[in-house]
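Everything on this sheet refers to the single structure shown next.
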Amino acid sequence: MAFLPGKVYSVIVYPFIVLLISAVVFTGCAPARFVKPLDKGQNAVTASLGGPLIAYGGSNIPIPLSSLTFGHGFRSSCTGFIGLHTTALAFGVVQTEFGAVKRVLVQNGWRPGISIAPTANFMYDKWEHQSSFFPQIDAHAYWRYSKRPHYVYLGMSNWFDNHNTRAEGEPQKIHWVPALQLGHTLVRHGWDYTLELKYIAPGQSNKDLVVDYQSLGKTGAMGIYIGITKKK
Amino acid sequence: MYKICCVLFIASLSLSSCLRLDSNLFRNTTVTNYLMEANHAPQEISLDASYKIPDSLIHLLPLTSDDNGDQATIYAEYLGRLTSIATDTVILYFHGTRDNMDYYWNRTKLLANIGGKNHFGVMTIDYRGYGMSGGKPTETGMYADAEAAINWLKSKGLTGNRLIMYGFSLGSAAATYKTANPGALTPAKLILESPFASAAIMVQDAALLALPASYFTNLKIDNAQEIKKTQQPFFWMHGINDDFLSITTHGEVVFKNYAGTYSEAHRIPLATHTDVPIVWGIDNYKAAILAFIRR
């Protein structure tokens, strides 16, 4: 007697899974927003693309999830931003985020600059008019490592879920979904180009799911993102 | 800023598109004819020659399925004697999401060998869009297709007290729904192998967060709710190592929600999503199902 192992089965039903991965979009859908606050009065628009890594056609590729963000420097140490997730929009879901980046420590030599970014994530779908709210707080350390304004950053995102129950009345056991990120921003002629690696939900098992996440091991999912920012 | 937010929100709603994941759940393939015994492509289960069904007891049947006016000609296979449906017990098997009936041929044959060769009649269908069945697969269409099969069985003299519903994976939705919401016949018993709990659970398993399923799909496939309406005896089997539909978040929820008079659970160590009969042992699998049907 012989059988096809379950993983083969999950590859076969892959398209559904690929799109279900967009469920994780909501926590891992975008790179860090404004790691460094903008100058006072400065505006910026960021387009980002990328997502969790999945196995597809024998390769590991990031889900191409997209978002747009507008930021404004209210003070030299504080930038407000609003984001719209365009991939979610394609599914009839308005996913927006409102937040602010506050610099709490200025870089001094090799001591990094530190910023924190409290954010409110709102979602609403046009199908069943369901709405969701998830608070998020990010913290980043960034280094401008040369005379040029390029910088690297290391940070942590934290999503919080305050629901006590999930679907079918089952208890919602996960209330905190962290992600670790490492990125580099290249600054050139008024444009910022960012590449970021993210380790989403490093403490959560990625086994026995309809989603076949690619990660460092049996937990979490790795993500790759790119972002382009125009400042004015 | 407030005005900008309002404008952005309204503009987003009006610009939002209609992508849904619904059709992606169905991994159907079409064929122009069924190979049945001549199908040598890999299947989840392989059986030796002793399981062969005589050609005279294999029947391919076109059926008309009506999903609220959306009519489709679907195809069914019946393994057994058509002339004795009025007195036989029949297992109506709803297959998983893959391909078409050919892929599940050996599973169907296996059921036709429970209690002896062709002891029970076995019927299976290709949902609309699968195999030779016309139309496109949908959740409501799948339920309508199930009802078309039940209607046909009733027309051949089957009564509800001899109708056993068996759903595997995706097919658990059709089996559970038609047991909980009977149409032409009220099934006597329900067997589920590796069932979904619901589309919502699938989404939330993947998302970690308690996100509404409606963000991605209009599908319900809500076995966790439908099973609450089911009073018929219930047999559940699930691989403990199911790496597609977790036994904890899917199977256990369905089993826990059953509120009928009799249920039995078979949690199969080391079995994954597709290999419960193999890992359990074919003889154990057949004996357990036979005992459940006969009890």
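Numbers restart at 1 for each chain; the letters A, B, ... are given by sequence-line order, proteins then strands.
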Is a salt bridge present between K220(B) and E168(A), judged by a nitrogen-to-oxygen distance below 4.0 Å?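 Not counted as a salt bridge, because no side-chain N and carboxylate O are separated by less than 4.0 Å.
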Is it true that K256(B) and E170(A) make a salt bridge, defined as a side-chain N closer than 4.0 Å to a carboxylate O?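 Yes, charged N to carboxylate O under 4.0 Å.
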Within 6.0 angstrom of [X] [atom1], more than 12 heavy atoms from elsewhere:
X       : atom1 : result
K230(A) : NZ    : yes
N164(A) : CG    : no
K136(B) : NZ    : no

For [X], which atoms come within 4.5 Å of any heavy atom of chain B: side chain, backbone, both, or neither?
X       : answer
Q172(A) : side chain
T165(A) : backbone
F122(A) : neither

Are the side chains of W127(A) and T217(B) in touch, meaning some heavy atoms are under 4.5 Å apart?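 W127(A) vs T217(B): side chains apart.
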Which heavy atom of D161(A) sits nearest a heavy atom of A210(B), and at what distance?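 Shortest heavy-atom separation between D161(A) and A210(B) comes out as OD2-N, 2.8 Å.
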Testing the basics here: between A167(A) and I201(B), what is the closest heavy-atom pair and its distance to 0.1 Å?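 So the two residues come closest at O-CD1, 3.7 Å.
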Please round to the nearest 0.5 Å and tell me the distance separating atom [atom1] of [X] and atom [atom2] of [Y].
X       : Y       : atom1 : atom2 : answer
N218(B) : E128(A) : CG    : CD    : 6.5 Å
L209(B) : R166(A) : CG    : CZ    : 10.5 Å
W159(A) : L208(B) : CH2   : CG    : 11.5 Å
K126(A) : Y215(B) : NZ    : OH    : 14.5 Å
S214(B) : Y124(A) : OG    : OH    : 10.0 Å

Apply side chain to side chain contact (heavy atoms under 4.5 Å, CB included) to residues Q130(A) and L211(B) and explain how you reach the verdict. CA-CA 9 Å; Q130(A) 302 261 18; L211(B) 291 171; over 6 Å; no
Quick check on the interface: out of I247(B), N106(B), V253(B), who has the most heavy-atom pairs with chain A under 4.5 Å?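 Most pairs with chain A among the choices: V253(B).
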